[in-house]
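Here is how names work: the chains are called A, B, and so on, in the same order as the sequence lines, proteins then strands, and each is numbered from 1.
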2 protein chains.
Amino acid sequence: MAKPKSKPKLSTAAARLADFPRPLTTVDLAIFTVREGALQVLLVKRPDEPGEPHPGAWALPGGFVDIGRDRDLEACARRKLKEKTSVASPYLEQLGSWGGKERDPRGWSATHVYFALIADPGEPLAGANAPAAAWYPIAGEGVKVKLAFDHRELLAAAVIRLRSKVEYTSLPVYLLPREFTLTELQRAFEIVLGRPVEKSAFRDRIKAGDFLEEVPRLRTGQQRPAQLYRVKKLGEVVFFPRTFSPRKE
Amino acid sequence: MAKPKSKPKLSTAAARLADFPRPLTTVDLAIFTVREGALQVLLVKRPDEPGEPHPGAWALPGGFVDIGRDRDLEACARRKLKEKTSVASPYLEQLGSWGGKERDPRGWSATHVYFALIADPGEPLAGANAPAAAWYPIAGEGVKVKLAFDHRELLAAAVIRLRSKVEYTSLPVYLLPREFTLTELQRAFEIVLGRPVEKSAFRDRIKAGDFLEEVPRLRTGQQRPAQLYRVKKLGEVVFFPRTFSPRKE
DNA sequence: ATTCGTAAGTGGGACAGTACCCCTATTGTG
DNA sequence: CACAATAGGGGTACTGTCCCACTTACGAAT
């Protein structure tokens, strides 16, 4: 099974364990929101200290798993999300894992990548010992700045997964505040998908999904007020039976 | 970011690294095929040696990442797949990762789970130093035997992912030999989905997907011979615009 | 007070895709 | 010649997109 063949046979399992140097283990996060009419991702600046790889470069927030504090990978991801945004994310999903010899100069490493959707919390807080953080708009499948490690690849995978799931799920509700209008929700879909969406078809779809409830308030503005809605069960994701607009294109 | 707060500040990144004990890192595989009219998964028997957890229990095949031999996680998965089935899998996909304090008695561990689809290779080879292996039919979301570690959960996730993707992709072609008839392919869909599929609708769907080519041979039998087909591009997976049978049920 | 502009929200009809059912033809075996 | 399974065609019904038009509700301008 997992026995190194070039070495003499060892008699105890404990001794065999020692034959396998352990990879570095990290968790990274792709945290998305909709800000200023664009899909944006939260990036942090790598520390500028001796021995740190990619000093000063932008990267996805994340870091080493702390086997003392983190009971499991998701708890680790939630901890880091909280540290970065002070937001208890309504939506957190594992994207996958990337591991290999070359991706970190400090050695063979494996990272577990999660992606989170949150409502725009405003400018990221740059506390005293908090590293510099900033929202970057998504352009294509990534951002315009260079990213540390293989984070360009991780981010691209996250963007692709997000876009593809938005085609057939209700995910974008978690990019908005708890309460929103149908038009705002439609804009969120359009921003993620990067194309316009038919109003009638969109509203039919949402109605058929039956995952929103009216809240007894209105969004007032210059024109006719809009009904406010929110998801019935926070965290719930509805799968539609068809992809979004098969007729287009 | 990932700095333990209870300890004195260290001056070098290398020293900080040492503060993070590394989790055990493994790769596990859910290898599926269609055998004897059922969806089946390959299991191996855990070694019966001192110090080994869950001795003699059935488990998903897998083992420690070998950072000397495996350039990355997928290579590690392919190596283990090859060792177990001597099959170069046409389809291998990462399912996700599970990590936590409790899942392995040897300590905090993280496993990277892949699932593979292969054509029925017959009985698994029980070589000299190869552990006992066997195909088990899937019942519900798992198998009837108890599994080691948290493998029941991993397998359930794999089965759910497989079933759900079969609703809108061409995946089952990789559960069959390279060449097959449309009826055999339909049976494969039905076996995975666990429900009958309309013949006309099925054939329309396959034709619309346009991923099969005729091979100039026929499957002869007791009746009218059937046209043999195979996928045009090995490894390709087609996504249909709708889930399989929204009208039913 | 009336009019105007704008965005919200509703509704109908054409159209495409396809699930579903039924029927027929084909082509081997016994 | 009957049988069995493959292959394929036709027709209906239903779903959901897409397009267009219309009404509603508010603030602002006149």
Side-chain angles (χ1 to χ4, degrees), chain A residues 37 166-170 176 179-191 193-230 238-249, chain B residues 37 166-170 176 179-191 193-230 238-249:
Chain A
V166 169
E167 293 281 357
Y168 58 95
T169 68
S170 61
L176 297 176
E179 298 180 357
F180 47 84
T181 68
L182 288 184
T183 303
E184 288 166 351
L185 182 57
Q186 183 180 343
R187 293 286 169 274
F189 271 91
E190 291 173 334
I191 285 166
L193 292 175
R195 65 166 191 265
V197 159
E198 279 298 319
K199 187 172 64 164
S200 277
F202 175 77
R203 293 171 106 95
D204 289 349
R205 226 175 137 85
I206 299 300
K207 277 205 178 55
D210 187 37
F211 56 95
L212 295 185
E213 60 187 4
E214 298 187 358
V215 311
R217 295 201 301 119
L218 302 176
R219 161 87 72 251
T220 63
Q222 308 281 66
Q223 308 84 19
R224 172 177 177 176
Q227 179 62 54
L228 283 170
Y229 293 86
R230 66 177 183 189
V238 168
F239 288 71
F240 301 116
R242 314 182 48 146
T243 53
F244 212 90
S245 301
R247 299 267 277 284
K248 274 279 179 63
E249 168 197 13
Chain B
V166 168
E167 293 281 357
Y168 59 95
T169 68
S170 61
L176 297 176
E179 299 180 356
F180 48 82
T181 69
L182 287 184
T183 303
E184 289 166 350
L185 182 58
Q186 185 180 341
R187 292 288 169 274
F189 272 91
E190 291 174 334
I191 286 167
L193 292 175
R195 65 166 190 264
V197 159
E198 278 298 318
K199 188 176 64 165
S200 278
F202 175 76
R203 293 171 107 95
D204 289 349
R205 226 175 137 85
I206 299 301
K207 277 208 176 51
D210 189 35
F211 57 94
L212 295 184
E213 60 187 3
E214 299 185 356
V215 311
R217 296 202 299 117
L218 303 175
R219 160 87 72 248
T220 66
Q222 307 284 65
Q223 311 83 15
R224 173 176 174 176
Q227 179 64 51
L228 283 170
Y229 292 85
R230 65 178 186 190
V238 169
F239 288 71
F240 300 116
R242 314 181 48 147
T243 54
F244 212 89
S245 300
R247 298 264 279 282
K248 270 281 179 65
E249 168 197 17

Rounded distance in Å - [atom1] ([X]) to [atom2] ([N]):
X: A/Glu214; N: C/dA8; atom1: CD; atom2: C1'; result: 13 Å
X: B/Arg195; N: C/dA19; atom1: CZ; atom2: P; result: 11 Å
X: A/Arg205; N: D/dC18; atom1: CZ; atom2: P; result: 9 Å
X: B/Glu198; N: D/dG9; atom1: CD; atom2: C1'; result: 15 Å

May I ask you to decide whether A/Glu190 forms a salt bridge with A/Arg187, counting only side-chain N to carboxylate O separations under 4.0 Å?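 Yes, this pair counts.
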State whether B/Glu167 and B/Arg195 are salt-bridged, where the test is any N-O pair (Lys NZ or Arg NE/NH1/NH2 against Asp/Glu carboxylate O) under 4.0 Å.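 Salt bridge: yes.
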Which nucleotide, C/dA19, C/dT10, D/dA7, lies nearest any side-chain atom of B/Lys199?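 The answer is D/dA7, which lies nearest to the side chain.
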At what angle, to 10 degrees, do the two end axes of the helix from C/dA1-D/dT30 to C/dG30-D/dC1 meet, given five pairs define each axis?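 The value is 10°.
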Answer with base, sugar-phosphate or nothing: what part of the nucleic acid does A/Thr183 contact at a heavy-atom distance below 4.0 Å?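 The answer is sugar-phosphate, as A/Thr183 gets under 4.0 Å only of primed atoms, P, OP1 or OP2.
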Using a heavy-atom cut-off of under 4.0 Å over every strand shown, decide if A/Asp204 touches base, sugar-phosphate, or nothing.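 Base, at least one base atom sits under 4.0 Å.
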Considering heavy-atom distances to DNA chain D, does A/Pro225 or A/Phe202 have its closest nucleotide positioned more toward the 5' end?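 Counting from the 5' end, the first nearest nucleotide belongs to A/Phe202.
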The criterion is side-chain contact (heavy atoms from CB on, under 4.5 Å); which residues satisfy it with A/Ile191, sequence neighbours excluded?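 Testing A/Ile191 for side-chain contact (heavy atoms from CB on, under 4.5 Å), a comparison that skips the adjacent residues, returns A/Val34, A/Leu39.
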Would you please confirm or rule out a distance under 4.0 Å between OP1 or OP2 of [N] and any side-chain N or O of [X]?
X: B/Arg242; N: C/dG17; value: no
X: B/Arg224; N: D/dA7; value: no
X: A/Lys207; N: C/dT10; value: yes

Quick one: which of A/Leu182, A/Leu212, A/Thr181 gives a side chain to side chain contact (heavy atoms under 4.5 Å, CB included) with A/Leu228?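 When A/Leu182, A/Leu212, A/Thr181 are each tested with A/Leu228, the side chain to side chain contact (heavy atoms under 4.5 Å, CB included) holds only for A/Thr181.
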I'd like to know if B/Ser200 reaches the base of D/dG8 with its side chain such that a donor and an acceptor end up less than 3.5 angstrom apart.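 There is none.
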Which heavy atom of A/Arg242 sits nearest a heavy atom of A/Arg205, and at what distance?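 Residues A/Arg242 and A/Arg205, closest heavy atoms: O-NH2, 3.1 Å.
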Between B/Gln186 (side chain only) and B/Val197 (backbone N and O only), is there a donor and an acceptor less than 3.5 Å apart?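 Yes; judged by distance alone, with no hydrogens or angles, the pair exists.
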